[in-house]
Novice: 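Before I ask anything, here is the structure I am working with.
Protein chains get the first letters and strands the later ones, always in sequence-line order, with residue 1 at the start of each.
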There are 2 protein chains.
Amino acid sequence: MSGKAFGALDVIDILDPADTRVDDFRDLNSVDRRPDLPTGKGLVIAEGVLVAQRMLASRFRPHAFFGTERRLLELADDLADAGVPYYRASAEVMAEVVGFHLNRGVLGAARRPPELTVPDVLAGARTIAVLEGVNDHENLGSIFRNAAGLGVDAVIFGAGCADPLYRRAVRVSMGHALLVPFAGAQQWPQDLNSLRDNGFRLLAMTPNPAAQTLADVMDGLAGQKVAVLVGAEGPGLTETAMRASDARVRIPMARGTDSLNVATAAALAFYERARSGD
Amino acid sequence: MSGKAFGALDVIDILDPADTRVDDFRDLNSVDRRPDLPTGKGLVIAEGVLVAQRMLASRFRPHAFFGTERRLLELADDLADAGVPYYRASAEVMAEVVGFHLNRGVLGAARRPPELTVPDVLAGARTIAVLEGVNDHENLGSIFRNAAGLGVDAVIFGAGCADPLYRRAVRVSMGHALLVPFAGAQQWPQDLNSLRDNGFRLLAMTPNPAAQTLADVMDGLAGQKVAVLVGAEGPGLTETAMRASDARVRIPMARGTDSLNVATAAALAFYERARSGD
């Protein structure tokens, strides 16, 4: 069964869960599969057909796929010219290798390319998100999905953020963590000044009722470059980051409520930015 | 150690995990703890201090709390006049009873009061959310949190929705599933007509690029009553529900992206409604 069953696509059947050719997909729940940890192997993993397609379209070039026959059929067109092996296995063999049942049925693996720099991602950008202390992979993934959907050009990471390339973040982002350019600040919060030097107006999101409303602030910034700063749920942005910003901005909240999820708050800011004209 | 240690508050120490007085909190991960299932015991469980406080403020009157000494101190003022027992235990005993380690440290339990009806929740409402096929507890909880934060008065459930009183939904809602009034439609989608008879304009959210934008539609509805209809992520609203609506409404999306999470899409609609004036 092994061999070039799909034209130029290299399909290789994996019958033995111990086969070392699928070691890049082994024990995905173990801590050394956290690319953000010192023990991590650094591989970026895409789960499911849609995320695999987005990985193929990204700068994260996959070097192998591992999946079922059914997902191979769904991905055949995308993989035709990719020049990477597709390790084909049953759902049962996959579960033994991966360490859990994966109902998305296919995985892609990519090594990490060199990180982009802040100047890299600012080039041509008009709207960016700047995150501080967002250490939850699910929130991080949601922010990338919202950024992509609502027209944000890049994401900058300040202090204390989780790795957007961790499997869970990539999955929740629907693969947009691979497509929206991001870079880590080298010096935090001093790098906020370099954003300003690049023409960005820095808006710090806060639940503080004394801040200006999102609609009022964005309305005055049509045609200007904007950076939306959001902090972790709970503590929010540090006072240092707040002070380094140009304006403090709030979402008008109903009486008796305090806050929204950080990814939701970011989505409202991105939406208002697009609505007010960028 | 048992007895009235906190004024009128009835604090009862639980030293033995087998103590039957905490049976309402036992094995919370088991399927019969799903109040939405036929086997479920129907109890509504609040997790953590904030959600416990919101349960105390809601129509879901707790009949018991189970938690650590630390959380008792945090809740003492709220519980002073509640007239319900606080079963106090170590984190270890709690974990044995509950079936997992609970880092929120306190649980409240309430029996279900009679369900509200659609006419009940429409009384006085100007903005409502109508859900169809939202069968994910996390999305449901997020929708309630967003509804509360952004000024939505009530939630109506059409066909195929999960139970907003399941523990996970209540937790993700930050307790707002207990506070925002909700009711299930008796006939779906026929009940949409009764919303219209009550003066609501029905807006069906869709990714269809031919639909009108959120901003355009809401702008024309200031001062009128509005119902925002959202469907499950993926399939979206059924064609039947679409046809029963007054307008199809879309969120302007960036090129190359398709959709947002259902709770995020709902949040944007709620935000725009509040922004355009209700």
Side-chain angles (χ1 to χ4, degrees), chain A residues 48 50 53-54 57-58 126-127 138-139 141-153 171-176 178-180 207 213-216 218-219 233-234 250-278, chain B residues 48 50 53-54 57-58 126-127 138-139 141-153 171-176 178-180 207 213-216 218-219 233-234 250-278:
Chain A
L50 179 65
Q53 287 166 330
R54 290 190 171 143
S58 80
R126 297 197 49 78
T127 307
E138 194 159 338
N139 283 336
S142 297
I143 289 173
F144 271 89
R145 182 178 182 186
N146 297 342
L150 298 166
V152 170
D153 302 307
R171 181 180 71 226
V172 173
S173 82
M174 306 289 271
H176 289 296
L178 307 176
L179 290 169
V180 177
T213 69
L214 197 50
D216 284 348
M218 288 295 188
D219 205 42
E233 210 164 322
R250 70 182 168 87
I251 296 160
M253 300 289 293
R255 202 169 41 178
T257 61
D258 34 18
S259 73
L260 293 165
N261 166 276
V262 60
T264 307
L268 295 176
F270 304 160
Y271 170 82
E272 182 64 63
R273 164 66 169 170
R275 188 191 194 288
S276 299
D278 51 7
Chain B
L50 179 65
Q53 288 166 330
R54 290 189 172 143
S58 80
R126 297 198 49 78
T127 306
E138 194 158 339
N139 283 337
S142 297
I143 289 172
F144 271 90
R145 183 179 181 185
N146 297 341
L150 299 165
V152 171
D153 302 306
R171 182 179 71 226
V172 173
S173 82
M174 307 289 271
H176 290 295
L178 307 177
L179 289 169
V180 177
T213 67
L214 197 49
D216 285 348
M218 288 294 187
D219 206 41
E233 210 163 325
R250 69 181 169 88
I251 295 161
M253 299 290 293
R255 200 169 41 180
T257 61
D258 33 19
S259 73
L260 293 165
N261 164 276
V262 60
T264 307
L268 296 175
F270 303 160
Y271 171 81
E272 183 64 63
R273 164 66 170 169
R275 187 190 194 288
S276 300
D278 50 9

Novice: With rounding to the nearest 0.5 angstrom, report the CD to CD distance, E138(B) to E138(A).
Specialist: 5.0 Å
Novice: Under a 4.5 Å cut-off applied to non-hydrogen side-chain atoms, are N261(B) and V172(A) in contact?
Specialist: no
Novice: Highest number of heavy-atom pairs under 4.5 Å with chain A: which of P252(B), A148(B), A274(B), G151(B)?
Specialist: A148(B)
Novice: To the nearest 0.5 Å, what is the distance between OH (Y271(B)) and CZ (R275(A))?
Specialist: 7.5 Å
Novice: Can you tell me which portion of I251(B) sits under 4.5 Å from chain A's heavy atoms? Options are side chain, backbone, both or neither.
Specialist: side chain
Novice: Going by distance alone, is a donor N or O of one side chain under 3.5 Å from an acceptor N or O of the other, for S259(B) and R145(A)?
Specialist: yes
Novice: How far apart are the C-alpha atoms of E272(A) and E272(B), what are their side-chain angles, what is the distance that settles it, and do they pass the side-chain contact (heavy atoms from CB on, under 4.5 Å) test?
Specialist: CA-CA 9 Å; E272(A) 182 64 63; E272(B) 183 64 63; 6.0 Å; no
Novice: Tabulate, in ascending numerical order, the residues of residues 263-270 of chain A having at least one heavy atom closer than 4.5 Å to a heavy atom of chain B, or enter 'none'.
Specialist: T264(A), A267(A), L268(A)
Novice: What residue, out of E233(A), M174(A), H176(A), has the most heavy-atom pairs lying under 4.5 Å from chain B?
Specialist: E233(A)
